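Just so we're clear, the structure is a prediction, and the values are computed from it rather than from any experiment. We count ligands from 1, going down the list as the structure has it; atoms in each ligand are counted the same way.
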Amino acid sequence: MGSLSKGESVLVTGGAGFIGTHTVLQLLREGFRVSIVDNLDNSVEEAVDRVRALAGPDLSKNLHFHLIDLRNKEALEKIFSQTRFDAVIHFAGLKAVGESVAKPLMYYNNNLISTINLYELMGKYGCKKMVFSSSATVYGQPEKIPCVEDFELEAMNPYGRTKLFLEEIARDVHKADPDWRIILLRYFNPVGAHESGQIGEDPKGIPNNLMPYIQQVAVGRLCELNVYGHDYPTKDGSAVRDYIHVMDLADGHIAALRKLFSTENIGCVAYNLGTGYGTSVLEMVAAFEKASGKKIPIKLCPRRPGDATAVYASTEKAQKELGWRAKYGIEEMCRDQWNWASKYPYGYQRRP
Ligand code: NAD
Ligand code: UD1
């Protein structure tokens with residue numbers, strides 16, 4: 001991908017988080033100026049410092065970090081009044097499914113109010129280009145696979161409902177004012193890390209998601225992986241997902257920006273970001289064992305409530321309209337995840 005930026009200025013909310021850090025690095029490398037807004041609720045400033053170090057002294061001059069909660073509209077408005085943004089990439093949000101079931105109001109409060117504030121200020125300051133982090137969760141339990149963007153949408157839990165509502169809000173914002181250009185990116189299962197091993201996913205507490213869990217077993221922080229479900233109608237009985245390398249995802253955001261900057265009247269449009277390939281839990285474990293040389297002990301357990309049998313993306317629309325496709329396979333995802341895990345087994349924290 002050649003450099004596309006003319007030095008445009010992009011506000012990246014949640015830019016200190018897992019997908020945010022990887023995307024910010026790619027944005028800087030493409031010549032964008034980046035302002036991160038993050039409240040560090042699920043991240044640390046050290047992650048932003050690592051991005052600066054990876055970008056180098058010249059490019060990191062184009063990176064600014066603001067410790068702000070998006071629900072604090074006054075503080076957010078100050079940023080908008082000081083900098084003219086050409087586009088916003090909106091990653092910020094809470095994302096743990098189980099927690100959202102236990103604390104639905106916290107999820108609605110954080111994810112909805114943050115986004116409404118953002119749209120209001122973007123409108124007020126004349127920045128009407130938005131890339132929004134949606135999720136494959138909006139396909140619910142898909143009746144058919146691969147998932148195609150025009151499938152009916154369904155939410156399975158409060159987290160998923162925030163994504164569904166925010167997609168609907170985006171469509172309404174555009175309907176009311178067609179000057180808006182909004183791209184909704186539906187991520188499948190982001191995994192892996194930057195090839196340097198300096199940045200990666202660092203969940204707080206016991207991970208809910210498969211790859212961070214496997215990673216913590218590999219470094220000895222957890223003793224075995226519970227494999228949820230071994231009687232699914234799949235090749236080996238375990239559930240199938242579409243895992244995507246976080247660097248491919250980061251590049252998907254650059255492609256989305258390119259589209260926003262180059263297409264008049266794009267409207268409000270959704271794209272899947274996945275590889276189009278399904279991998280089972282047991283295949284993922286085997287690939288990680290191969291990449292790390294570590295044995296991952298497993299325990300076969302009953303299915304996790306609410307889990308779908310097999311989910312993977314149709315990648316045609318993103319390929320055709322964004323000119324983007326994933327480059328990396330499972331082997332590279334596991335290689336880079338292990339590189340990060342072996343360098344920083346406790347993530348950004350010091351070993352306790
Ligand atoms: P993450 O938790 O690592 O990053 C989100 C960032 O947003 C964090 O740094 C957090 O501190 C910040 N944040 C949360 N609420 C905020 C607020 N009110 N104000 C300011 N900052 C706030 O998560 P991630 O994995 O990087 O995910 C980014 C986005 O992508 C999220 O919206 C998530 O729902 C979505 N998504 C993630 C996945 C995944 O598996 N990682 C899959 C699909 C969609
Ligand atoms: C999860 C979220 C979903 C989000 C998606 C994006 C849930 C219920 N859903 O989906 O909202 O959009 O991440 O990344 O959390 N598994 C195990 N053992 C574990 C952990 C997971 O066997 O310890 C299995 C799961 O049963 C599943 C697969 O691994 O079959 C992937 O799980 P996970 O990483 O949690 O992702 P999803 O369930 O696809």
Query raised in the report: Can you list the atoms of ligand 1 that are under 4.0 Å from a heavy atom of Ser114?
Result: 18 (N)

Query raised in the report: Is Tyr159 close to ligand 2, meaning an N/O of one under 3.5 Å from an N/O of the other?
Result: no

Requested in this report: Could you name the option among Ala96, Ser135, Pro207 that has the heavy atom nearest to atom 4 (C) of ligand 2?
Outcome: Ser135

Query raised in the report: How close does the nearest protein non-hydrogen atom get to atom 37 (C) of ligand 1, and which residue and atom is it?
Result: Ile19 CD1, 3.8 Å

**Report entry** atom 10 (C) of ligand 1 [closest protein heavy-atom partner, distance rounded to 0.1 Å]
**Finding:** Asp38 OD1, 3.4 Å

Query raised in the report: So is there a nitrogen or oxygen of Ser135 less than 3.5 Å from a nitrogen or oxygen in ligand 1?
Result: no

Query raised in the report: For atom 3 (O) of ligand 1, what's the nearest protein heavy atom and its distance?
Result: Phe18 N, 2.8 Å

Query raised in the report: Does the side chain of His90 come under 3.5 Å of the side chain of Thr13 through a donor N or O and an acceptor N or O?
Result: yes

Requested in this report: Would you please determine whether Phe188 falls within less than 4.0 Å of ligand 2 on a heavy-atom basis?
Outcome: yes

Query raised in the report: Under 4.0 angstrom from ligand 1, any heavy atom of Ile68?
Result: yes

Query - atom 1 (P) of ligand 1: the protein heavy-atom neighbour that sits closest, reported with distance to 0.1 Å - result: Asn42 ND2, 3.8 Å

Query raised in the report: Which atoms of ligand 2 are found less than 4.0 Å from any heavy atom of Asn208?
Result: 20 (C), 35 (O)

Report summary line: Filtering Phe91, Tyr243, Tyr187, Phe132 for the heavy atom nearest atom 32 (O) of ligand 1 leaves Phe91

Query raised in the report: What is the closest protein heavy atom to atom 1 (C) of ligand 2, and at what distance does it sit?
Result: Asn209 ND2, 3.6 Å

Query raised in the report: In the protein, what heavy atom is nearest to atom 3 (C) of ligand 2, and what distance, to one decimal place, separates them?
Result: Val97 CG2, 4.2 Å

Report task. Answer yes if the side chains of Asn272 and Tyr139 hold a donor-acceptor pair under 3.5 Å, and no otherwise. Result -> yes

Query raised in the report: Between Tyr213 and ligand 2, is there a nitrogen or oxygen pair with a distance under 3.5 Å?
Result: no

Report task. Indicate yes or no: does an N/O atom of Ala92 lie under 3.5 Å from an N/O atom of ligand 1? Result -> no

Query raised in the report: Would a line drawn from the ring center of His253 to the ring center of Phe32 be shorter than 6.0 Å?
Result: no

Query raised in the report: Side chain, backbone, both or neither: which part of Lys163 has a heavy atom under 4.0 Å from ligand 1?
Result: side chain

Query raised in the report: So which protein heavy atom does atom 4 (O) of ligand 1 come closest to, and at what separation?
Result: Gly17 CA, 3.5 Å

Report summary line: closest protein heavy atom to atom 34 (O) of ligand 1 is Tyr159 OH, 2.8 Å

Requested in this report: Taking atom types as modelled, find out whether Thr275 and Tyr243 have a side-chain donor-acceptor pair closer than 3.5 angstrom.
Outcome: no

Query raised in the report: Do Lys204 and Glu99 sit within salt-bridge range, that is, some charged N less than 4.0 Å from a carboxylate O?
Result: no

**Report entry** ligand 2 atoms in contact with Tyr243 (distance to a heavy atom under 4.0 Å)
**Finding:** 28 (C), 31 (C)

Requested in this report: Using heavy-atom distances, let me know which of His66, Arg71, Lys95 sits nearest atom 25 (O) of ligand 1.
Outcome: Lys95

Query raised in the report: Tyr344 and Gln198: side-chain donor and acceptor closer than 3.5 Å?
Result: yes

Query raised in the report: Should Tyr139 be listed as contacting ligand 2, given a heavy-atom distance under 4.0 Å as the test?
Result: no

Query raised in the report: For atom 25 (C) of ligand 2, which candidate among Ile214, Asp242, Asp307, Leu222 holds the nearest heavy atom?
Result: Asp307

Report task. Kindly say whether the aromatic ring centers of Tyr119 and His174 come within a distance under 6.0 Å. Result -> no

Query - Option with minimal heavy-atom separation from atom 14 (O) of ligand 2, where the choices are Pro305, Ser238, Pro190, Ala310 - result: Pro190

Query - atom 40 (O) of ligand 1: nearest protein contact (heavy atom, Å) - result: Pro190 CD, 3.3 Å

Report task. May I ask you to decide whether Glu332 forms a salt bridge with Arg335, counting only side-chain N to carboxylate O separations under 4.0 Å? Result -> no

Report task. For ligand 1, note which part of Asn110 has a heavy atom under 4.0 Å away: side chain, backbone, both or neither. Result -> side chain

Query raised in the report: Does the distance from a Lys or Arg side-chain N to an Asp or Glu carboxylate O, for Glu46 and Arg50, drop under 4.0 Å?
Result: yes

Query raised in the report: What atoms of ligand 1 come within less than 4.0 Å of a heavy atom belonging to Asp41?
Result: 11 (O)

Query raised in the report: Any N/O of Asn39 closer than 3.5 Å to an N/O of ligand 1?
Result: yes

Report summary line: A student comparing Ala16, Gly93, Ser134, Gly20 should find that the heavy atom closest to atom 14 (C) of ligand 1 comes from Gly93

Report summary line: heavy-atom search around atom 19 (N) of ligand 1 in the protein gives Leu70 N, 3.0 Å

Requested in this report: Specify the protein heavy atom at minimum distance from atom 10 (O) of ligand 2: its residue, its atom name, and the distance to 0.1 Å.
Outcome: Asn189 ND2, 4.3 Å

**Report entry** Test of ring centre spacing under 6.0 Å for Tyr312 and Phe188
**Finding:** no

Query raised in the report: Does the side chain of Gln26 come under 3.5 Å of the side chain of Asp251 through a donor N or O and an acceptor N or O?
Result: yes

Query raised in the report: For ligand 1, is any non-hydrogen atom under 4.0 Å from Asn189's backbone (N, CA, C, O), its side chain (CB onward), both, or neither?
Result: neither

**Report entry** Distance-only N or O hit between ligand 2 and Val281, under 3.5 Å
**Finding:** no

Query raised in the report: Of all the atoms in ligand 1, which lie at a distance below 4.0 Å from a heavy atom belonging to Leu40?
Result: 11 (O)

Requested in this report: Output the list of atoms in ligand 1 that are nearer than 4.0 Å to some heavy atom of Ser133, sorted by atom number.
Outcome: 29 (C), 30 (O), 32 (O), 35 (C)

Query raised in the report: If you measure from the Lys or Arg side-chain nitrogens to the Asp or Glu carboxylate oxygens, is any gap between Glu167 and Arg171 under 4.0 Å?
Result: yes

